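Okay, structure first, notes after.
Since the model is a prediction, treat every value here as computed from it, not as a measurement.
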Amino acid sequence: MAAPREPFVRLLSLADRPTSVLRRMRGEPGLVGLVGAWAGGGAILACRPGEVHDGDPFDLPDRGEHVGDGAGFGGGWIGLWGYQLNRLLEDVPPPPPRPRPQADSWIARYDWVLRYDAAAGHWAFETLLSGRAAEAAYAEAEELVVRADDRRPFAFEPFTMAAGADHFRDAVAAAREHIWAGDVFQANICSRFDSRLDGDPLDVFCTGVDVLAPAHAAYLDTGDRQVVSLSPELFLRREGREATTRPIKGTAPATQDPAVLERSAKDRAENVMIVDLMRNDLGRVSEIGSVRVTSLAEPEPGAGVRHLVSEVRGTLTADASDADLLRATFPPGSVTGAPKVRAMEVIHELEATGREVYTGAIGYRSPVAGLETSVVIRTFEFAGRDCWIGVGCGIVADSEPDRELAEVFTKVDPLLAAVGATRATTAPPPATRAAAAARTIPDATGSRPDPQLGVFDTLLVRDGEPVALAEHVDRLADSVLALYDVPVDRGALGARVRADTVAMKTARVRTSYDPVAREWEIEAEAIDEPALQPRTLALRRLPSGLGEHKWIDRRVVAETGPAGDLLLVDDAGLLLECGRANVFVVLDDLVVTPPLDGRILPGTVRARVLELLRAQRIPVLERPVSVDELGKAVEVFTTSSIRGVQPVVGDDGARTWGVGSLTTWLSDRLDRASPPTEPLASYHGARVLVVDNYDSFTYNLAQRLGTLGAGVEVVRNDQTTVEELVAGASSGAFT
């Protein structure tokens, strides 16, 4: 074999983001872009391929060149391997109907690329050509990079769930029956969301990359189709004889405490099963004893959510080719199930539509950089104006259809929000009372917030001190960086807020950023000390929520409820947040609040309340909360920076609640510098805590924990008469 060919490299005088350079190449044939962790990190952009492969998609010609592990990329094959190639490898039944059938593979040879090296911070032209051919290719590249950055608007029609939520729930239940029968251990069941695009998919890709920064983003334009992949998952990386795969299984909202996902027995079981499968797949082409798990079920962020990610490595046998490696492992185990062949049969039996490139692979084979492919998830596929995106879940023995449906929305909604899209409110919701109730709730009015109007933050000044200043500055600075690519001097911004409020006792401070003018504005207004004022809320549907940024454009929630605010819910009947606050629901022995899934603001007071509750060992979960659960609540309260904790006493669904003891206690403790160490009962200043009939949460919690404090007895006033209480207090038996 010949030694790896050294690429011809010439640095470029570019200092632009990969998406900006890619837009300058708009309209070029065979345009591809790999952005993120590819080839060591950065970007690989190319166009005008020298050849499109028309043979076995797993067996790419190497022209006698040895695949090495040298620095750079040089050139090579870039393309896609669609999921339906599984039929070349295994005897599986035909897939379900394919609404817009696409070619099962497309792989092209690129003789030169533009490569951004993130570690070095520079762009370079790289080619495996030499002499005059290399100079001619460099001249082509120079012409491309001096073009204007042509950013264009685009808009999607609302995405609809292809076969409806009920079909997905039924498929999950049927897959679970296969698992209970011992037929499979896990099956990845997917659904498809359809839309139409007014605009260029290239702008969709650039927007998604700029907002989400996925590890293995990929754009491919084959002429009759475009693929916008925002995948976080590495399928295969080969460098020399070392092969690595990093399967993802287990999903939670991006800003949820990672420990919650890490402790989830169901999510961990999903992950471990696929790790075993990938160990087996790699073992088919690796030296005996060389396959090892180098990381197991570690929580990592990815494309708007958080996943459990593992890493499996193996040393390939001396004669194992790239084709051997691909055939031994395709399609990726994390998107099929275990055992793989039977899981694929179940998938074809239960899914409503056949998969295209979704759950296949995208990547490259380079004589210099080796082999690297992603798992095609979080991916928009385009044919003409038609667009679709597949989303699925790993189904195991204890999967629940409603929870799996909620996970589908957890995955798809941040992607849609990142590119300014929504899910249609007409998508069939789960067949539950909560979803039925959601169908009767009016929609929120207005369009999606306009990012060009900017973002803002509001905080409270108490006794001359901005409350939770660092948390507010960090949240706002993170939004400005993510949305507008503008780094913020957080210390300087915090100092400005302090300077503007130094003489104020109690004030509301609004800090806003204008991305057009690139200017900050700070407004401070003196207010009265916030009081524990009960409120009522009006329910409105807004499937994609307001998102994790605090937009200046508030048109979507301009319609106010009876107390000046809305409580937003999605199509599945799950609570999101209020227009100006987060929401908590107190059940008999548990406090629940909607998860941070990219659709709600990560409130600073919300975080402090969670800290207070956990410090008191009060059971609290961040999980989906249905409208139906409001009818079972003993207390409901909201949290916001200005009003703190506010009791909710009713909504426009004719539900009512009292101002409970937990809400009152939280409100009283909220402004303390650190979580209190005294028990909840000490708030009442009593040796006997008497609980009203309706306040079953405190009673059940007391029973669950034994007592709420040393020497404190808990009774209910339907168990102790007023006369007995008076007599006991008079005798000094208790206070």
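Counting heavy atoms from C-beta on, the side chains of P18 and V209 never come closer than 4.5 Å. With contacts defined as side-chain heavy-atom distances shorter than 4.5 Å, the pair V272/L296 qualifies. For the pair L89/K340, no side-chain contact is recorded, criterion being any heavy-atom separation below 4.5 Å from C-beta on. Contact of the Y364 side chain with the F73 side chain is registered, since non-hydrogen atoms from C-beta on lie closer than 4.5 Å. Considering only heavy atoms from C-beta on, C393 comes within 4.5 Å of V408 through its side chain. In this structure, the side chains of L326 and D59 stay at 4.5 Å or more apart for every pair of heavy atoms. You'll find the side chain of R378 stays beyond 4.5 Å of the side chain of P214, heavy atoms only. A heavy-atom distance below 4.5 Å is not found between the side chains of H216 and R246.
The minimum heavy-atom distance linking V21 with L45 is given by the pair CG1-CD1, 3.7 Å. A pairwise comparison of heavy atoms in I347 and V335 identifies CD1-O, 4.2 Å as the closest pair. Residues V184 and P339 come closest through the heavy atom pair CA-CD, 4.0 Å. Contact record, S334 with P247: CB-CB, 4.3 Å, taken as the closest heavy-atom pair. Closest heavy-atom contact between S191 and F168: CB-CD1, 3.9 Å.
Side-chain atoms of D203 do not come within 3.5 Å of backbone N or O of F154 as any donor-acceptor pair. Of the possible donor and acceptor atoms, one in the side chain of E233 sits under 3.5 Å from a partner among the backbone N and O of I248. Side chain of Q186 to main chain of I274: no donor-acceptor pair is present (N/O by atom type, distance under 3.5 Å, no hydrogens or angles). Although no hydrogens or angles enter the test, the distance criterion places a donor-acceptor pair under 3.5 Å between the side chain of D324 and the main chain of S321. Under a 3.5 Å cut-off, the side chain of S290 and the backbone N or O of S286 do not form any donor-acceptor pair. In this structure, the side chain of W38 engages the main chain of A217 through a donor-acceptor pair within 3.5 Å. No donor-acceptor distance shorter than 3.5 angstrom exists from the side chain of K249 to the backbone of S310, with no hydrogens or angles considered. Side-chain atoms of W81 never come within 3.5 Å of backbone atoms of G363 as a donor-acceptor pair (strictly under, hydrogens ignored). Side-chain atoms of T336 come within 3.5 Å of backbone N or O of G333 as a donor-acceptor pair. Side chain of E372 to backbone of G370: no donor-acceptor contact under 3.5 angstrom is found.
Between the CZ atom in F409 and the CG atom in L416 there is a gap of 10.5 Å [rounded to 0.5 Å]. A distance of 14.0 Å separates CD in Q226 from CZ in F380, rounded to the nearest 0.5 Å. Once rounded to the nearest 0.5 Å, the distance linking CD of E157 with CG of D198 reads 8.5 Å. One finds the OG atom of S229 at 8.5 Å from the CG atom of L220 (value rounded to the nearest 0.5 Å).
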Start with the C-alpha distance between Y219 and F205, add both sets of side-chain angles, then the distance that settles ring-ring contact (aromatic ring centres under 6.0 Å, His included), and finish with yes or no.
-> CA-CA 7 Å; Y219 176 80; F205 176 75; 5.7 Å; yes

What's the verdict on side chain to side chain contact (heavy atoms under 4.5 Å, CB included) for L80 and V376, showing C-alpha distance, side-chain angles and the deciding distance?
-> CA-CA 9 Å; L80 61 86; V376 184; over 6 Å; no

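Between R98 and D104 a salt bridge is recorded (basic side-chain N to carboxylate O distance below 4.0 Å). Ion pairing between R313 and E311 holds under the 4.0 Å rule for side-chain N and carboxylate O. Ion pairing between D111 and R109 holds under the 4.0 Å rule for side-chain N and carboxylate O. Using a cut-off of 4.0 Å between Lys/Arg side-chain N and Asp/Glu carboxylate O, D150 and R24 are scored as not salt-bridged. Checked for salt-bridge contact, E242 and R292 meet the test: a charged N lies under 4.0 Å from a carboxylate O. Salt bridge present: R10 and E135 bring a charged side-chain N and a carboxylate O closer than 4.0 Å. Between E356 and R225 there is no salt bridge, since no side-chain nitrogen of the basic residue lies less than 4.0 Å from a carboxylate oxygen of the acidic one.
Atom OH of Y484 has more than 12 neighbouring heavy atoms from other residues, nucleotides or ligands inside a 6.0 Å radius.
Here the two rings, on Y138 and F8, have centers that are 6.0 Å apart or farther.
R355 forms a cation-pi arrangement with Y83, by the criterion of a distance under 6.0 Å to the ring centre and an angle within 45° of the ring axis.
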